[in-house]
Number of protein chains: 2
Amino acid sequence: MTPTPLRDLFQNNLQGDQELPAKQKQVLKAALDLFAAQGFENTTTKQIATLANVSEGTVYKRFKTKDQLLTAVLKPIINDVTPQMASEFKQVLTKRQFDSISDLIITIGQDRLQFVFDNQKELRILLGEILKKTERVKEFSQLLTTSIIPAVYNQFDQLKAHHKLVDWDNERIFQYIVSIILSYVTQIVMFSAQLDLTQILSDTAEFFERGLAPIE
Amino acid sequence: MTPTPLRDLFQNNLQGDQELPAKQKQVLKAALDLFAAQGFENTTTKQIATLANVSEGTVYKRFKTKDQLLTAVLKPIINDVTPQMASEFKQVLTKRQFDSISDLIITIGQDRLQFVFDNQKELRILLGEILKKTERVKEFSQLLTTSIIPAVYNQFDQLKAHHKLVDWDNERIFQYIVSIILSYVTQIVMFSAQLDLTQILSDTAEFFERGLAPIE
DNA sequence: AAAATTAGTGAGTGACGACTCACTTAAACT
DNA sequence: AGTTTAAGTGAGTCGTCACTCACTAATTTT
């Protein structure tokens, strides 16, 4: 079960379900690259037009405002990918029963880190936007809270019951795991770090296996 | 040894060593608040002037460009605080010998989290800037690398020698600790989270005491 | 007190950036 | 083929914003 890459969604159904003309795709592509490289407000519509090899009018044919263009670029992440990711995530968590905390970390981590790797640019823009509008994070984390967290906590409880996980608050355990995974995510998104994901995950898993072992 | 709060530096020597007139301080204060709340490019010099209750000309009297104003706002962090922080940090690390990993985490963590707490706004702007210009991070982390890291690693080595720390790469140990501390930092900076720093640190220390215990 | 220096003002300017529109070109439909 | 609809153009508009400047008010210097 590999995560659906953003690129696919881009090709197909960006604007609802209607196909986009070639030039409009070029516009989106150019906007994505420029927003990621220079940030939203430091990018002019002229720059986008030039990079996309179209006139400025073409940029405004489909996307009525610059803001709509931003939305269009982020839409796949926010509207399609996130729920999809959430459900894929949940599916893995509910289908299988993990027999150790490291098993869980490696399985989930592999999946998510790969996703981040594949969508660096988009995530970078998103991060910049989030910094400006903190409310957006709320929506985003709400999604996590409602769909993923219960499934994760359920796994934690199972592991605790089998005496394979320390008896701390689920929040606390979750925080530690997310912290470390996110620190690698940051390195990838911000500095395009070339990391050996497999190595990282097995190290991380080893560490948690010790730090989160049940008390004898 | 409490960290020097930014506010003090602000009052005293922002522009070299020359005292700033009252209205210029108002300008800096307004710029700080607006940059933190809306971001640099979404803030107009008119807004700054209005909030500071001065004319727009006054804004440009001392600070020739908007960019200089940003620099002036961030200067205390970049030029004064960071080296100061680094040296204070180093001093603690070289003066004392820590007798456990949790001792080290609680001492250093207390100090640094308090600092973040006291300088949320500035750090938030800095984070936004960093996202735009990744090179700046390099300078910043260079500073860490040269002055702090050796001292920390030295402590690690000592602990290892006394069989109080697992024999992993120092980089790896450092990464785990920083990750978790930074995740709390993020919560404070981005969402102004009201956290019980003491509780957090003792929990974190407990976790690391287990995860980083030497192998029997 | 006169002169000189610094602080502060606010209307004004020039540039640039988001967006428009009258028009051309191409495709789709009947 | 002729008509309608959509795609694409690029010169032009309009507003905003960073920045200036001629001027006044207040301090400092001598």
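Within every chain, numbering begins at 1; the chains are lettered A, B, ... in the order of the sequence lines, protein sequences first and strands thereafter. Treat the numbers as computed from the prediction; the structure is a model and nothing was measured.
- Nucleic acid contact class of V59(A) (heavy atoms, under 4.0 Å, all strands): none.
- For S55(B) and dT9(C), the shortest distance from a side-chain N or O to OP1 or OP2 is below 4.0 Å.
- Nearest nucleotide to the side chain of Y60(A), out of dA18(D), dC19(C), dA7(D): dC19(C).
- Scanning atom types as modelled, no donor and acceptor separated by under 3.5 angstrom connect the side chain of K23(A) and the base of dG8(D).
- One can place CG of D67(A) at 17 Å from P of dG17(C), the figure rounded to the nearest angstrom.
- With 3.5 Å as the limit, one finds no donor-acceptor pair spanning the side chains of S102(A) and E206(A).
- At a threshold of 4.5 Å between non-hydrogen side-chain atoms, the residues Y60(A) and T45(A) count as touching.
- For T58(A), a side-chain nitrogen or oxygen approaches OP1 or OP2 of dT9(D) to under 4.0 Å.
- Aromatic ring centroids of F208(A) and Y176(A) lie 6.0 Å or more apart.
- Using a 3.5 Å distance cut-off with no hydrogens or angles, the side chains of Q26(B) and N53(B) do not pair a donor with an acceptor.
- Taking atom NZ of K46(B) as the reference point, atom P of dG12(C) lies 15 Å away to the nearest angstrom.
- Nucleotide dG8(C) holds its P atom 12 Å from the NZ atom of K25(B), rounded to whole Å.
- As a whole-Å value, the separation of F63(B) CZ from dA18(D) P is 16 Å.
- Comparing dA18(C), dA7(D), dA18(D) by their closest approach to the side chain of T44(A) singles out dA18(C).
- A salt bridge does not link K61(B) to E56(B): none of the charged side-chain nitrogens sits closer than 4.0 Å to a carboxylate oxygen.
- In the interface, the side chain of K61(A) is paired with the base of dG8(D) through a donor and an acceptor atom under 3.5 Å apart.
- In this structure, Q26(B) atom CD and dA7(C) atom C1' are separated by 13 Å, rounded to whole Å.
- Close to dA18(D), at under 4.0 Å from its OP1 or OP2, lies a side-chain N or O of T45(B).
- For the OP1/OP2 pair of dG8(D) and a distance below 4.0 Å, the side-chain nitrogens and oxygens of Q24(A) include at least one atom meeting the criterion.
- One atom, CG of L34(A), and another, P of dA18(C), lie 12 Å apart when rounded to the nearest Å.
- In this structure, NZ of K64(B) is placed 8 Å from P of dT20(D), rounded to the nearest angstrom.
- Rounded to a whole Å, the NZ atom of K66(A) is 17 Å from the C1' atom of dT20(C).
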